[in-house]
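Below is one structure, written out as structure tokens; comments come after it.
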Amino acid sequence: MVETNLAQAVDAVNDSGAAYDTNVKHLLADKQILSRILKYTIEEFGDMDILDIMGCIDDDIEIGTRPVDGGLSNLGRVKGTVTEDSIPGEGVIYYDIRFTAYHREQEMKILVNIEAQKSTDFGKLGYHLENRIVFYLARMISAEKQTEFYHSDFDNLKKVRSIWICMDTDETEDSIEELCLERKAVFGKKKSTYPVDLMKGIIVNIRNREGDSLEEGMEKSSNVLIAMLEELLSGKSAAEKKRVLTDEYGMIMTAELEGRIQLMCNLSENIEAKGMKAGIKEGIKEGIKEGIKEGVRKERIAAIVRMIKAGASKEQIISYGYTKAEYEEAGNSVSVHP
């Protein structure tokens, strides 16, 4: 029996953290995953069925998708538009996932970027993530010049959406946030109705999962998208993930999706094993270091004891490079063991 595209993506990777991160991006780029992300983060797709949304996700800036397997014409991974954004003098940005979605009923084209973000901690990043999101949105908008509009035809600008899947939220803080332009009158009564929703950043905060946290007491999120993503990225076995995604979220296990899930689980186990091995190794090193330090300390105390017994004064001993604390410890030793 030939496996479907989603099924190969949940069964296949085991090398390093970088490979794990890459596989997560490929997994999120599966159209069955993407369609659910669009449904629950972009309001234009909120009332649409999943299959209809999948039909709106473009492979190469065209309406529709290229068949992958017979009968599964719009399942599979998005090939994406250009994921590198280079502007002279401004450097290069590499997007995790970037594609075009078309809302046929509203005759609307939306440019979408999705980022998998392991940490939102300012201390680790060295910057506030919100500022990076704004920068990405600005670059996506500016990149439309000479592609979506020309000269001063600014009304042809297409909406851009940057969606960030953030993976380090506390247990009670699963949430979806929006960063967007806001129009408000700060003086006077003029009312303007033209929308200012060209740029919008969406942050999907999923909870930090150490192993299989749901079995450790974490309740399933009441948000469908977050609950699905937490299952997808949890420490559960590939077989259990496939079962949950199929039974609870109605996904079809295509060969690519199933393979990616299996690969991610293999990588996760490999990373955990490497981490344990490295931890043991580091522990041994630290133990040796501490042992050496303790040996040196005892030798210094013993030397001070010998000098005290030989009649050396405190000032003389300290002048030889020993500390007051060491002298006092040695003195206690002498007084206890005359």
Side-chain angles (χ1 to χ4, degrees), residues 4-10 22-85 94-116 136-137 140-141 143-144 147-148 157-165 176 197-202 204 224-226 228-229 232 245-246 249-261:
T4 61
N5 210 29
L6 182 54
Q8 279 180 354
V10 187
T22 298
N23 194 63
V24 167
K25 294 169 189 176
H26 282 280
L27 192 53
L28 291 174
D30 187 279
K31 288 185 182 178
Q32 294 190 74
I33 307 295
L34 281 183
S35 60
R36 287 160 173 81
I37 293 175
L38 295 186
K39 180 175 179 64
Y40 295 103
T41 60
I42 299 180
E43 61 181 335
E44 287 83 356
F45 297 102
D47 295 329
M48 294 178 62
D49 293 333
I50 293 297
L51 287 177
D52 291 335
I53 298 173
M54 289 173 68
C56 296
I57 299 172
D58 190 49
D59 276 343
D60 51 3
I61 315 184
E62 292 179 348
I63 295 176
T65 57
R66 184 177 66 167
V68 178
D69 283 332
L72 300 171
S73 60
N74 58 348
L75 301 181
R77 177 170 55 86
V78 167
K79 290 183 175 56
T81 59
V82 179
T83 56
E84 175 184 317
D85 182 357
Y94 293 93
Y95 299 98
D96 282 357
I97 305 167
R98 188 176 175 183
F99 61 97
T100 302
Y102 293 91
H103 195 298
R104 285 173 288 192
E105 291 183 6
Q106 298 183 24
E107 297 183 349
M108 182 185 298
K109 178 179 180 180
I110 302 177
L111 309 179
V112 184
N113 155 235
I114 295 180
E115 298 290 321
Y136 272 48
L137 289 167
M140 291 173 72
I141 281 285
E144 292 189 44
T147 57
E148 301 295 338
L157 275 167
K158 303 301 184 291
K159 291 183 178 182
V160 296
R161 299 291 183 261
S162 189
I163 304 168
W164 294 67
I165 312 296
I176 298 177
D197 62 346
L198 276 177
M199 299 192 304
K200 188 175 288 185
I202 298 105
V204 181
V224 175
L225 175 61
I226 293 175
M228 184 271 291
L229 290 172
L232 186 68
L245 293 174
T246 300
Y249 298 98
M251 294 190 192
I252 298 172
M253 281 297 119
T254 64
E256 184 175 354
L257 180 58
E258 190 171 351
R260 288 288 175 190
I261 292 175

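For the single chain, residues carry numbers from 1 onward in sequence order. Heavy-atom basis, side chains included; hydrogens, waters and symmetry copies ignored.
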Gap between atom CD1 of Ile176 and atom CD1 of Ile226 - 0.5 Å precision: 4.5 Å

Residues forming a side chain to side chain contact (heavy atoms under 4.5 Å, CB included) with Leu198, sequence neighbours excluded: Ile141, Leu157, Lys159

Leu245 vs Leu232 side-chain heavy atoms within contact, under 4.5 Å: yes

Contacts of type side chain to side chain donor-acceptor pair (under 3.5 Å), residue Asp49, not counting sequence neighbours: none

Gap between atom CD1 of Ile37 and atom CD1 of Ile202 - 0.5 Å precision: 11.0 Å

For Val112, the option from Ile42, Ile97, Thr100 that meets side chain to side chain contact (heavy atoms under 4.5 Å, CB included): Ile42

CD-NE2 distance between Glu44 and His103, expressed to the nearest 0.5 angstrom: 7.0 Å

Residue list, salt bridge (charged side-chain N to carboxylate O under 4.0 Å, His left out) with Glu43, at least two apart or on another chain: Lys200

Met48 versus Cys56, closest heavy-atom pair with distance: CE-SG, 3.6 Å

Parallel, tilted or perpendicular, as decided by the 30° and 60° cut-offs, for the rings of Tyr136 and Tyr95: perpendicular

Student check: side-chain heavy atoms of Ile33 and Met228 closer than 4.5 Å: yes

Distance in Å, Ile165 CD1 paired with Leu225 CG, rounded so as to fall on 0.5 Å steps: 6.0 Å

Minimum heavy-atom distance between Leu137 and Gly201, given as atom pair plus value: CD1-N, 3.6 Å

CD (Gln106) with more than 12 external heavy atoms under 6.0 Å: yes

Ile53 versus Phe45, closest heavy-atom pair with distance: CD1-O, 3.6 Å

Distance-minimising heavy-atom pair for Arg161 and Met140: O-CE, 4.0 Å

Sequence-distant partners of Lys39, salt bridge (charged side-chain N to carboxylate O under 4.0 Å, His left out), two or more places apart: none

Shortest non-hydrogen separation from Leu34 to Ala29 and the atoms involved: CD1-O, 3.6 Å

With Tyr249 via ring pair (Phe, Tyr, Trp, His ring centres under 6.0 Å) - residues at least two apart: none

Atom pair CD1/OH of Ile110 and Tyr102 - distance to nearest 0.5 Å: 11.5 Å

Student check: side-chain heavy atoms of Glu105 and Asp47 closer than 4.5 Å: no

Contacts of type salt bridge (charged side-chain N to carboxylate O under 4.0 Å, His left out), residue Glu115, not counting sequence neighbours: none

Taking every non-hydrogen atom, the tightest pair across Ile57 and Ser35: CD1-N, 3.9 Å

Asp96 (side chain) donor-acceptor with Ala116 (main chain) under 3.5 angstrom: yes

